[in-house]
Amino acid sequence: MAQPLRIVVAKPGLDGHDRGAKVVARTLRDAGHEVIYTGLRRTAKQIVETVRDEDARFLGLSSLSGAHGHLFPRVCEELMSEGLDDVIVFGGGIIPHEDREALFEAGIKAIFGPGTPTSEILEFIDQASKMDDAGVGQGNEWHWTSKA
Amino acid sequence: MALDIKGMRGVRLSDEVQSASNGSRRSIARVLSSIENGTLSLSQALESLSPIVGEVDGWSIMAITGAPGVGKSVLVDALMSRWAHQGHNTALLAVDPSSPRSGGALLGDRVRMTSVDDEAIKERVYVRSIATRATSGSVPLIVEDMAKFLVAIGWNRVLIETVGAGQSELRCAAVADRIVVVEGPARGDGIQAEKAGLLELADAILVNKCDLEGAEKHASELKESFGLGAGEAPPIMLTSGLTGEGIESAASLLHDLPSSQRAKRARMRERLLAQHERRLTSHPLYNRVMEDLAKGTLDIEKALMTLKGENHERSG
């Protein structure tokens with residue numbers, strides 16, 4: 001690969017479970033990407049400022065607290081108000097299928113539930129990185145459909 | 001050619017540089033990426049800027065180095081916070097290693113940073129995580145150009161936190177005006193302090209985690225060791241990132257730290273070697289030479305002849 005992708009992996013909100021986020025961060029690292037991990041309990045604003053200052057192309061959000069319906073769209077809005085429309089956002093954690101459509105509408109391009117093979121996340125990253133309009137505010141309605 | 005960042009949004013790099021110097025954080029981040037990725041040279045970036053007025057006295061770029069786990073990140077965060085509160089624009093380039101196997105990296109220095117979230121100062125604090133990528137040593141040489149760009153647009157205190165470094169890891173001397181070595185308590189017996197290496201290049205030494213046993217003893221061993229040699233010893237201070245002890249005085253000492261006159265030759269040696277490595281690896285034939293070396297169709301002597309070390313970097 002020519003240049004490694006810069007990817008922020010973040011834990012918004014109050015839940016303290018980061019095993020999933022760490023597994024994803026490790027998977028991305030082992031695939032040759034540069035992963036910036038934010039640590040626990042970040043606000044939407046803190047996450048977006050990290051994405052901005054680190055010039056990340058992707059942002060992965062992890063939530064196991066049930067607050068994804070509130071937190072993930074907040075992050076998307078903050079990204080757009082900072083002018084970071086071209087950042088590609090994906091999420092994971094305990095996120096019921098019936099909640100996902102609203103998240104896709106907010107601009108998130110993939111949601112990965114428990115049991116997702118890590119290879120599927122890499123396939124998503126690979127495919128989305130080849131698109132030039134998969135960013136959160138670029139209006140492309142495409143999203144990845146995960147089995148898990 | 002070097003006009004589109006990421007080839008995506010058609011933003012001209014010269015506009016991006018201008019917007020970075022006007023304070024746009026997003027543009028600063030993107031220009032730094034372009035420098036890091038080699039699509040924009042420092043001289044190209046500086047070309048479109050008006051010369052800086054009111055240059056700072058003393059140092060602009062300081063390397064903070066030391067073994068893994070001695071507390072560099074927490075100390076750096078505390079220093080940035082102090083300096084930013086005094087009104088300085090303080091930037092950190094935090095280097096972490098890339099995996100030699102996959103080329104990827106997990107950049108975790110931000111986890112310990114609180115100054116970036118402090119509403120009172122966060123406009124004056126910029127943190128950027130950097131992976132070592134293909135370079136050898138604890139600091140990729142391109143970090144010098146990234147730091148110089150930040151200085152040129154008004155970030156007059158730029159810290160470089162190196163990868164956790166061992167005794168013989170001196171490469172940070174090639175990229176910084178000042179070198180601060182962070183030590184911990186109980187770092188071996190008195191003989192460790194006698195060994196040559198990184199400590200000889202230090203402009204200051206912080207013995208961190210002084211809340212733990214052994215720190216004071218280690219500091220006095222270091223002082224004793226420097227007392228045996230010729231020339232002036234660098235300042236040696238006790239700090240604790242945990243309790244905050246010694247941080248205030250370390251911050252004011254480091255703020256105006258003069259350059260140590262010792263080991264000038266050793267510093268120049270690092271600069272020379274680093275520059276030489278960069279010229280070899282940026283030679284247009286570098287990749288081909290490496291392939292031929294790996295295949296065994298070329299020997300090292302001929303490879304060096306081919307790459308001869310002329311300056312092949314883009315200029316202007």
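Convention: sequence-line order gives letters A, B, ...; per-chain numbering from 1.
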Open item on the list: What verdict does the salt bridge (Lys or Arg N to Asp or Glu O under 4.0 Å) test give for A:Glu34 and B:Arg133, after you've listed the backbone C-alpha separation in whole Å, the side-chain angles of each residue and the deciding distance to 0.1 Å?
Closed with: CA-CA 9 Å; A:Glu34 293 178 359; B:Arg133 297 196 179 169; 2.6 Å; yes

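- Once rounded to the nearest 0.5 Å, the distance linking CG of B:Asp96 with CD1 of A:Ile36 reads 10.0 Å.
- Judged by distance alone, the side chain of A:Glu54 and the main-chain N or O of B:Ser129 form a donor-acceptor pair under 3.5 Å.
- At a heavy-atom cut-off of under 4.5 Å, chain A is reached by no residue from residues 75-86 of chain B.
- For A:Glu78, the salt bridge (charged side-chain N to carboxylate O under 4.0 Å, His left out) partners two or more places apart in sequence, or in a different chain, are A:Arg74.
- Both the backbone and the side chain of B:Leu106 come within less than 4.5 Å of a heavy atom in chain A.
- Shown here is A:Leu14, whose CG atom has no more than 12 heavy atoms of other residues, nucleotides or ligands within 6.0 Å.
- A:Asp53 CG to B:Arg26 CZ: the interatomic distance, rounded to the nearest 0.5 Å, is 12.0 Å.
- Within residues 37-52 of chain A, the residues approaching chain B closer than 4.5 Å by heavy atoms are, in numerical order, A:Tyr37, A:Thr38, A:Gly39, A:Arg42, A:Lys45, A:Gln46, A:Glu49, A:Thr50, A:Arg52.
- In this structure, B:Ser102 and A:Arg29 approach most closely via the heavy-atom pair OG-O, 2.9 Å.
- For A:Arg26, no part lies near chain B; criterion is any non-hydrogen pair under 4.5 Å.
- When the shell of 6.0 Å around CD of A:Glu98 is examined, it contains more than 12 heavy atoms from other residues, nucleotides or ligands.
- Residues A:Asp86 and B:Arg30 share a closest heavy-atom pair of OD2-NH2, 2.9 Å.
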With a cut-off of 3.5 Å and sequence neighbours excluded, list every side-chain donor-acceptor pair involving residues 116-125 of chain A.
residue: A:Thr116; atom: OG1; partner: A:Gly113; partner atom: N; Å: 3.3
residue: A:Thr116; atom: OG1; partner: A:Gly113; partner atom: O; Å: 2.5
residue: A:Glu120; atom: OE2; partner: A:Trp144; partner atom: NE1; Å: 2.8
residue: A:Glu120; atom: OE2; partner: A:Ser146; partner atom: OG; Å: 2.9

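- Heavy-atom pairs under 4.5 Å with chain A peak, among B:Asp109, B:Val111, B:Ile130, B:Leu107, at B:Leu107.
- With chain A as the partner, the residue from B:Ala105, B:Gly103, B:Ala29 showing the most heavy-atom pairs under 4.5 Å is B:Ala105.
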